[in-house]
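Worksheet: the structure to be examined is printed underneath.
Note on naming: letters A, B, ... go to the chains in the order of the sequence lines (proteins, then strands), and numbering restarts at 1 for each one. What's counted below: heavy atoms across the whole structure, side chains too, no hydrogens, waters or symmetry copies.
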Number of protein chains: 2
Amino acid sequence: MAPREHAHPALCDVELVTVLSALAEPTRLRIVRMLAAMEGERAWKDIDLPIAQSTLSHHLKILRNAGLVHNRSEGTRCFISLRDDELESRFPGLLESVLSCGDGLAPEGTRDA
Amino acid sequence: MAPREHAHPALCDVELVTVLSALAEPTRLRIVRMLAAMEGERAWKDIDLPIAQSTLSHHLKILRNAGLVHNRSEGTRCFISLRDDELESRFPGLLESVLSCGDGLAPEGTRDA
DNA sequence: GTCGTAGTTCGACGTTCGTCGATCATCGAA
DNA sequence: TTCGATGATCGACGAACGTCGAACTACGAC
């Protein structure tokens, strides 16, 4: 289906294990880093990773259900953004510590190269 | 085998995804909370959870390989401790943010009840 | 030496996960 | 209305995971 107002969980309903599971996967962590590297939102199509489209949709769904990202629909296309402020309220310091650690998993898509 | 000086990875060789994967499981998170709730180490046998012994051993191995815990052998029994200081150096703020969030997953084994 | 204890490893089982191609639903444009 | 594009959903596949009981191994005690 084309994106039409997705369900986003309230952060207070999200458990820590759910968030950690969502982040504990290389591709999803890359996506989160990618989103964190830019203020605001990012177009779906601009998230280019070496995976199939359905796989990306699947990962975004998991991130969405974990309360990590927000989907906004605009016509046929949609835009993804990090729910960083809400995340900070629910899990203080978690996102920052995950993002600030250099582990060789670069955003890779925010810089020109 | 009886515990005889296990292999512990250097924290600098541990990747973030490995740590997150290790923490993204209810039982293991419980163990980590349990260890964090007390200064120092905890005897293997005192970790009583509703799981088989082999399963506990398996989880401890994963936590060990993720650099989260340390095993010390003393005769036939062994003692587990959190590598919190080293963890803090490698992933600043991560462990603290994970531990400080109330998510209904209590240590349950450090209090009397 | 033999025996009992403590924890690890092995092999198996069912479940979940990441991945894909194909199909479907919704929107804008012609 | 018809068409093309954008994502979501479906069904299938192999791999990885959590779980267990059983066998194994190293140690202390006798």
Output for pair (B/R83 CZ, B/L11 CG), nearest 0.5 Å, gives 4.5 Å

Does D/dA8 have OP1 or OP2 under 4.0 Å away from a side-chain N or O of A/S57? yes

For A/E41, what residues pass the side chain to side chain donor-acceptor pair (under 3.5 Å) criterion, not counting sequence neighbours? A/R72

When the distance from CG of B/D46 to C1' of C/dG7 is rounded to whole Å, what number comes out? 14 Å

Linking I/L/V/M/F/W/Y whenever their side-chain heavy atoms sit closer than 4.5 Å, directly or via other members, would A/L82 and A/F79 fall into one cluster? no

Using atom CD of B/E74 as one end and atom C1' of C/dG7 as the other, report the distance to the nearest whole Å. 15 Å

Once rounded to the nearest 0.5 Å, what's the spacing between atom CG of B/L94 and atom CG of B/L16? 6.5 Å

Separation of atom NE2 in A/H6 from atom C1' in D/dG7, rounded to whole Å: 8 Å

Give each protein N/O atom lying under 3.5 Å from an N/O atom of nucleotides 17-21 of chain D, with the pair distance.
from   : atom 1 : to    : atom 2 : distance (Å)
D/dG18 : OP1    : B/R28 : NH1    : 3.2
D/dG18 : OP1    : B/R28 : NH2    : 2.9
D/dG18 : OP2    : B/R28 : NH1    : 3.4
D/dT19 : OP2    : B/H59 : NE2    : 2.4
D/dC20 : OP2    : B/A52 : N      : 2.8
D/dC20 : OP2    : B/T55 : OG1    : 2.8
D/dG21 : N7     : B/S54 : OG     : 3.3
D/dG21 : O6     : B/S54 : OG     : 3.0

Tell me whether A/R77 contacts the main-chain N or O of A/K45 through its side chain, where contact means a donor paired with an acceptor under 3.5 Å. no

Could you tell me the separation between the CG atom of B/L49 and the C1' atom of C/dG7, rounded to a whole number of Å? 16 Å

Within this structure, what is the CG-OG1 distance for the pair A/L49 and A/T55, rounded to the nearest 0.5 Å? 10.5 Å

Is a side-chain N or O of A/E15 found less than 3.5 angstrom from the main chain of A/V17, in a donor-acceptor match? no

Once you round it to whole Å, what is the distance between P of D/dT6 and CZ of A/R72? 16 Å

Which nucleotide in the list D/dA8, C/dT5, C/dT8 gets nearest to the side chain of B/N71? C/dT8

Whole-Å distance separating the CZ atom of A/R42 from the P atom of D/dT6: 16 Å

Measure from CZ on A/R30 to P on C/dG18 and round the result to the nearest Å. 15 Å

May I have the distance from B/D48 (atom CG) to C/dG7 (atom C1'), rounded to whole angstrom? 16 Å

What's the closest nucleotide to the side chain of A/T76 if the choices are C/dG7, C/dT8, C/dC27? C/dC27

